[in-house]
Amino acid sequence: MSLLVPALALLLALLIDRWFGEPPVRLHPVVWMGNYLGWAGARLQRGLRGATPVLLPAPINAPRAELEEAADYKDFWLGALYWTGGIALFTVATVGLESMLWGGARWVAVAVPGGSAAAWLAAGVAAVLLALLLKPMLAWTMLKSEVQAVEGALGASLQAGRERLSWLVSRDTTTLSEAQVRESAIESLAENLNDSVVAPIFWFVLLGLPGAVAYRFANTADAMWGYKGVYKGQNWEWAGKWAARVDDGLNWLPARLTGLLLALICGLNLAALGGEAAKTPSPNSGWPMAAMALALHIRLGKPGVYVLNPTGREPVAADVDLSVSYASKVLLALMLLALIALYLKAMVVG
């Protein structure tokens, strides 16, 4: 049962995602995480020194007091404290729910007559409940539909495409060209393929439901707090640094796994992939984005920041559909790896 339940739950979670999409907002755990982070972020900002960040590096020969001012440890540790309180809240709650789930499954297996039939019934019920808890940590169907919606809106008009893209990305979309709108949509698909699909599954396989929930909290915190400097009037230069760095760490392996799966599926040169991935400021997002750019033979970039596969052509409408197809194949390959990993884990744990 220890092997069957997580594997079946993962498959069911993806089927629930495909058939039903996202749960209602009032019942969505990631929305609850966002509500906590919004509340904590507001309190955090009231405790900061000011709205204008002090940037490193300070002069090499600067007095110690100036170095400490440049690295605002008060803001950093205050942000880390609120972050830790939030992840503890959600992870402890998840551990409790998972313990109740396994306890209930064992009770059914013992209390219901039928021997092995009762055990299978208990495993099935546990898998369904676990799948319902896991599903909100995954968002493949929503991601795919939102990217396709951008292309649909772009088919109506450039302005409509820009407006729809603004639902997906935080950058200013008002001046983007048609090609740049497609670039941003494909980039968002590649990056969020990791954040919303590969990484949650990776941490679920490794640490169970608490691992997926902890990852989703950390990723949501980075999306809300992980900005450099002032964003929308709030100073996140040091207050959001903990959230950003933890998310970087948790995504290090999954992002590279996403890029490598794309590379293997599309027959890409791994050395070329590594070189392109290093061009982005993020240590992780470059891997899936560079792999997608190379797979589609297109150029992707953020004006004034980076250009991936600069010799590639501008993306066209067909590239959006092809990017979704490639991402779907990554998901299928990932599921095979996940099921193998769960089997090996069950054999080791017993």
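Along the sequence shown, residues are numbered consecutively beginning with 1.
- In this structure a side-chain-to-backbone donor-acceptor pair under 3.5 Å is present from Thr141 to Asp17.
- Remark: side-chain polar atoms of Asn194 are not paired, donor with acceptor, to backbone N or O of Thr258 under 3.5 angstrom.
- Proximity of Leu193 to Trp140: side-chain heavy atoms (C-beta onward) are separated by under 4.5 Å at one or more points.
- A distance-only check finds no donor-acceptor pair linking the side chain of Ser285 to the backbone of Ser282 [under 3.5 Å].
- Inter-residue side-chain proximity for Leu138 and Val197 is flagged as unmet; no heavy-atom pair is nearer than 4.5 Å.
- In this structure, Ala244 and Asp222 approach most closely via the heavy-atom pair CA-OD1, 3.2 Å.
- Between Leu250 and Trp203, the closest heavy-atom pair is O-NE1, 3.0 Å.
- Annotation: the span from Glu146 atom CD to Ser188 atom OG amounts to 9.0 Å, rounded to 0.5 Å.
- A donor-acceptor contact under 3.5 angstrom links the side chains of Asn251 and Tyr215, judged on distance only.
- For Arg162 (side chain) and Val181 (main-chain N/O), no donor-acceptor pair under 3.5 Å exists by modelled atom type.
- Arg164 places no side-chain N or O within donor-acceptor distance of the main-chain N or O of Ala149, the cut-off being under 3.5 Å.
- We find the CH2-CG distance between Trp39 and Leu44 to be 10.5 Å, quoted to the nearest 0.5 Å.
- Judged purely by atom type and a 3.5 angstrom limit, Glu183 uses its side chain to pair as donor or acceptor with the backbone of Gly301.
- Once rounded to the nearest 0.5 Å, the distance linking CG of Leu168 with CG of Leu143 reads 7.5 Å.
- Residues Trp225 and Lys241 fail the side-chain proximity criterion, which asks for heavy atoms closer than 4.5 Å.
- Side-chain N or O atoms of Arg299 include none that pairs as donor or acceptor with a backbone N or O of Arg313 at under 3.5 Å.
- Atom OG in Ser177 sits 6.0 Å away from atom CD in Glu314 (nearest 0.5 Å).
- The closest side-chain heavy-atom distance from Leu260 to Leu262 is not below 4.5 Å.
- Two residues are said to be in side-chain contact when any heavy atoms from C-beta on lie closer than 4.5 Å; Asn284 and Arg256 meet this criterion.
- The two residues Met292 and Ala190 make their nearest non-hydrogen contact at CB-CB, 4.0 Å.
- Looking at residues two or more places apart in sequence or on another chain, you find a ring-ring contact (aromatic ring centres under 6.0 Å, His included) between Phe90 and Phe217.
- Here the side chains of Arg182 and Ile298 are not in contact, with every heavy-atom distance at 4.5 Å or above.
- Contact between Lys302 and Glu187 at its shortest, heavy atoms only, is N-OE2, 4.3 Å.
- Side-chain atoms of Asp172 and Thr174 form a donor-acceptor pair, as typed in the model, at a separation below 3.5 Å.
- Here the closest non-hydrogen pair linking Pro136 and Pro29 is CB-CD, 3.5 Å.
- Formation of a donor-acceptor pair under 3.5 Å by the Asn192 side chain with backbone atoms of Asp195 is not found in this model.
- Side chain of Lys135 to main chain of Leu14: no donor-acceptor pair is present (N/O by atom type, distance under 3.5 Å, no hydrogens or angles).
- Proximity of a side-chain donor or acceptor of Thr94 to a complementary backbone N or O of Val213 within less than 3.5 Å is not detected.
- Between Asn309 and Leu300 there is no side-chain heavy-atom pair separated by less than 4.5 Å.
- Nearest heavy atoms, Gly38 versus Met224: N-CE, 3.7 Å.
- Taking 4.5 Å as the limit, some side-chain heavy atom of Met289 sits within range of a side-chain heavy atom of Tyr306.
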